[in-house]
Amino acid sequence: MKPAPFRYHRPDTLDEALGLLAEYGAQAKPLAGGQSLIPTMNFRLAQPAVLIDLNRVKGLEGIREARKGLRIGAMTRQRAAERSALVRQLSPLLAETMPWIAHPQIRNRGTVGGSLAHADPAAELPAVAVALDARLLLQSQRGERWVPAREFYTGLFATALAPGELLAEVELPRLPRRSGWAFEEISRRVGDYALVGAAAVVTLDRKGRCERSSITLLSVGDGPLGAAEATGSLIGQEPTAQAIREASHLVAARDIDPPSDIHASAAYRRKLAEVLSERVLRRACDRARGVAEVGELAQT
């Protein structure tokens with residue numbers, strides 16, 4: 001199929017892009033990597049009247065160290081983040097997640113900001129942003145504002161972006177000492193959207209007790225979903241195999257209400273969520289204890 005007719009703009013500067021977004025408002029769609037937008041336009045599921053191509057806009061890409069952690073420009077290609085030594089050093093959870101996203105051909109073109117802003121409930125990057133307590137920089141002609149990732153996702157394919165606003169950058173804070181992380185997902189075939197995915201972050205205190213814990217799941221609801229009851233059950237106690245198993249059971253029993261569709265039943269998704277939560281929690285705790293070395297990522 002072919003897209004519905006639209007007007008096309010290709011600005012050279014951020015000011016020009018923001019001006020076009022302000023002029024056309026909700027009629028306009030920014031075009032980043034196009035890996036989600038173009039197929040939905042071809043099927044006429046999306047019919048923007050105006051397309052604003054961001055690929056010539058300077059200043060919207062790049063990976064750099066910041067005082068609080070890592071900053072990644074919205075137009076940074078996913079493949080660049082996957083290969084970045086700085087990402088592996090400062091945001092190992094993101095580094096571990098990148099190879100799970102679709103196929104290399106998609107990551108070569110797809111952008112970090114495009115995936116975050118598209119807000120697909122089966123996408124990996126929104127879940128990682130929530131798991132890491134990331135902040136997103138939104139810009140418009142009215143100014144700029146930082147929005148926590150947990151507040152950015154408001155529903156199915158819905159975000160806190162207002163008409164005229166553009167996602168410009170994401171900031172991923174450094175993990176505290178004695179922290180571990182892990183990501184894993186299950187799909188029908190390599191490169192398919194995940195049936196369920198899970199990201200975990202754990203921080204232990206000096207006595208080996210759980211000081212901070214989070215599990216964020218994808219493909220079990222309208223967006224990235226934090227398993228609050230499960231991770232809350234670990235706070236203040238040593239994350240033994242039994243404690244992790246009980247927390248993972250809470251994920252399936254209390255924290256999620258997954259949908260059924262042609263790919264998987266709700267019951268199957270609950271079981272996957274429980275299994276994956278146990279796996280990522282166990283691996284995150286091992287890393288927090290120093291059982292798994294940070295350098296292992298460079299070897300995978």
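For the pair Leu138/Glu144, no side-chain contact is recorded, criterion being any heavy-atom separation below 4.5 Å from C-beta on. Counting heavy atoms from C-beta on, the side chains of Glu246 and Ser233 never come closer than 4.5 Å. Using a 4.5 Å cut-off on side-chain heavy atoms (C-beta onward), Thr240 and Ile244 make no contact. Contact of the Leu204 side chain with the Arg289 side chain is registered, since non-hydrogen atoms from C-beta on lie closer than 4.5 Å. A heavy-atom distance below 4.5 Å is not found between the side chains of Trp181 and Arg283. In this structure, the side chains of Arg71 and Leu172 stay at 4.5 Å or more apart for every pair of heavy atoms. Counting only heavy atoms from C-beta outward, the side chains of Val201 and Leu93 approach each other to under 4.5 Å. Within the 4.5 Å cutoff, the side chain of Ser140 has no heavy atoms near those of the Leu166 side chain.
Clustering of Ile, Leu, Val, Met, Phe, Trp and Tyr side chains at separations under 4.5 Å leaves Leu250 isolated, with no partner residue. Hydrophobic cluster of Ile235: no remaining members, since no ILVMFWY side chain lies below 4.5 Å from it. In the hydrophobic clustering (ILVMFWY side chains linked at under 4.5 Å, chained through shared members), Trp146 is joined by Leu137. Through direct or relayed side-chain contacts under 4.5 Å between Ile, Leu, Val, Met, Phe, Trp and Tyr, Leu51 connects to Phe6, Tyr8, Leu31, Leu37, Ile38, Met41.
Taken to the nearest 0.5 Å, the OG atom of Ser265 stands 10.0 Å off from the CG atom of Leu195. Atom CG of Leu20 and atom CG of Asp53 lie 11.0 Å apart (nearest 0.5 Å). Glu124 CD to Thr216 OG1: the interatomic distance, rounded to the nearest 0.5 Å, is 13.5 Å. Rounding to the nearest 0.5 Å places NZ of Lys2 at 14.5 Å from CZ of Phe43. We find the CD-CD distance between Gln35 and Gln105 to be 10.0 Å, quoted to the nearest 0.5 Å. Between Leu70 atom CG and Ser91 atom OG the span is 6.0 Å, to the nearest 0.5 Å.
Side-chain atoms of Thr203 do not come within 3.5 Å of backbone N or O of Ser179 as any donor-acceptor pair. The closest donor-acceptor contact from the side chain of Ser219 to the backbone of Ala194 lies under 3.5 Å. In this structure a side-chain-to-backbone donor-acceptor pair under 3.5 Å is present from Arg77 to Arg109. Using a distance-only test at 3.5 Å, with no hydrogens or angles considered, no donor-acceptor pair links the side chain of Ser84 to the main chain of Ala80. For the pair Thr40 (side chain) and Ser36 (backbone), a donor-acceptor distance under 3.5 Å is present.
In this structure Asn108 satisfies the side-chain hydrogen bond (donor to acceptor under 3.5 Å, both in side chains) test with no other residue, sequence neighbours excluded. In this view, Tyr193 satisfies the ring pair (Phe, Tyr, Trp, His ring centres under 6.0 Å) rule with no residue, not counting sequence neighbours. For Arg209, the side-chain hydrogen bond (donor to acceptor under 3.5 Å, both in side chains) partners at least two apart in sequence or on another chain are Asp205. Remark: Arg44 pairs with no residue by the side-chain hydrogen bond (donor to acceptor under 3.5 Å, both in side chains) rule, at least two apart or across chains.
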### Query
Please walk me through it: do Thr76 and Thr111 pass side-chain contact (heavy atoms from CB on, under 4.5 Å)?
CA-CA 5 Å; Thr76 302; Thr111 64; over 6 Å; no
### Query
Given the rule in the side-chain contact (heavy atoms from CB on, under 4.5 Å) test, do Arg83 and Arg107 qualify, once you have shown the distances and angles that lead to the verdict?
CA-CA 11 Å; Arg83 292 176 169 178; Arg107 300 195 295 274; over 6 Å; no
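Shortest non-hydrogen contact noted between Gly164 and Leu18 is O-CD2, 4.4 Å. The nearest pair of heavy atoms linking Gly34 to Pro39 is O-CD, 3.5 Å. Of all heavy-atom pairs between Leu234 and Cys210, the closest is O-CB, 3.1 Å. Here the closest non-hydrogen pair linking Ala182 and Ala284 is CB-N, 4.1 Å. In plain terms, the two heavy atoms of Ala32 and Gly114 that are nearest each other are CB-CA, 4.4 Å. Summarising the geometry of Pro239 relative to Gly208, their closest heavy-atom pair is CD-O, 3.3 Å, with the distance given to 0.1 Å.
With salt bridges taken as basic N to acidic carboxylate O contacts below 4.0 Å, one links Glu96 and Arg287. Using a 4.0 Å cut-off between charged side-chain N and carboxylate O, Glu278 and Arg282 make a salt bridge. Ion pairing between Arg189 and Asp192 holds under the 4.0 Å rule for side-chain N and carboxylate O. Between Arg269 and Asp261 a salt bridge is recorded (basic side-chain N to carboxylate O distance below 4.0 Å).
In summary, the side chains of Gln78 and Glu82 do not present any donor paired with an acceptor at a separation below 3.5 Å, with no hydrogens or angles considered. Residues Ser213 and Thr231 bring no donor and acceptor atom of their side chains to less than 3.5 Å of each other.
Sorted by first and then second residue, the ring pair (Phe, Tyr, Trp, His ring centres under 6.0 Å) pairs with a member in residues 109-140 read His118-Phe157; sequence neighbours excluded. Legend: salt bridge (charged side-chain N to carboxylate O under 4.0 Å, His left out) pairs involving residues 219-237, not counting sequence neighbours, sorted by first then second residue: Glu229-Arg254.
When hydrophobic clusters are built by joining Ile, Leu, Val, Met, Phe, Trp and Tyr residues whose side-chain heavy atoms come closer than 4.5 Å, directly or via intermediates, Leu225 is grouped together with Leu281. When hydrophobic clusters are built by joining Ile, Leu, Val, Met, Phe, Trp and Tyr residues whose side-chain heavy atoms come closer than 4.5 Å, directly or via intermediates, Leu276 is not grouped with Trp100. Under a hydrophobic-cluster definition in which Ile, Leu, Val, Met, Phe, Trp and Tyr are linked whenever side-chain heavy atoms come within less than 4.5 Å, directly or via other members, Val220 and Leu156 are assigned to different clusters. Under the 4.5 Å side-chain heavy-atom criterion for grouping Ile, Leu, Val, Met, Phe, Trp and Tyr, Val170 is not connected to Val57 through any hydrophobic cluster. In the hydrophobic cluster analysis, where Ile, Leu, Val, Met, Phe, Trp and Tyr join through side-chain heavy atoms closer than 4.5 angstrom, Val128 is grouped apart from Val280.
When Leu218, Leu217, Val275 are each tested for a side chain to side chain contact (heavy atoms under 4.5 Å, CB included) with Val196, only one passes: Leu217. With Glu165 as the fixed residue, the side chain to side chain donor-acceptor pair (under 3.5 Å) test singles out one of Arg145, Gln141, Gln139: Arg145.
Atom CZ of Arg142 has more than 12 neighbouring heavy atoms from other residues, nucleotides or ligands inside a 6.0 Å radius. Within 6.0 Å of NE2 on His249 lie no more than 12 heavy atoms contributed by other residues, nucleotides or ligands.
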Show me the side-chain donor-acceptor pairs of residues 58-69 shorter than 3.5 Å, one per line, residues at least two apart or across chains.
| residue | atom | partner | partner atom | Å |
| --- | --- | --- | --- | --- |
| Arg64 | NH2 | Glu169 | OE2 | 3.2 |
| Glu65 | OE2 | Arg174 | NH2 | 2.5 |

Would you mind writing out the side-chain donor-acceptor pairs for residues 147-155 within the sub-3.5 Å range, not counting sequence neighbours?
| residue | atom | partner | partner atom | Å |
| --- | --- | --- | --- | --- |
| Arg150 | NE | Asp133 | OD1 | 2.8 |
| Arg150 | NH2 | Val130 | O | 3.3 |
| Arg150 | NH2 | Asp133 | OD1 | 3.2 |
| Tyr153 | OH | Leu116 | O | 2.8 |
| Thr154 | OG1 | Ala158 | O | 3.3 |
| Thr154 | OG1 | Thr159 | N | 3.4 |

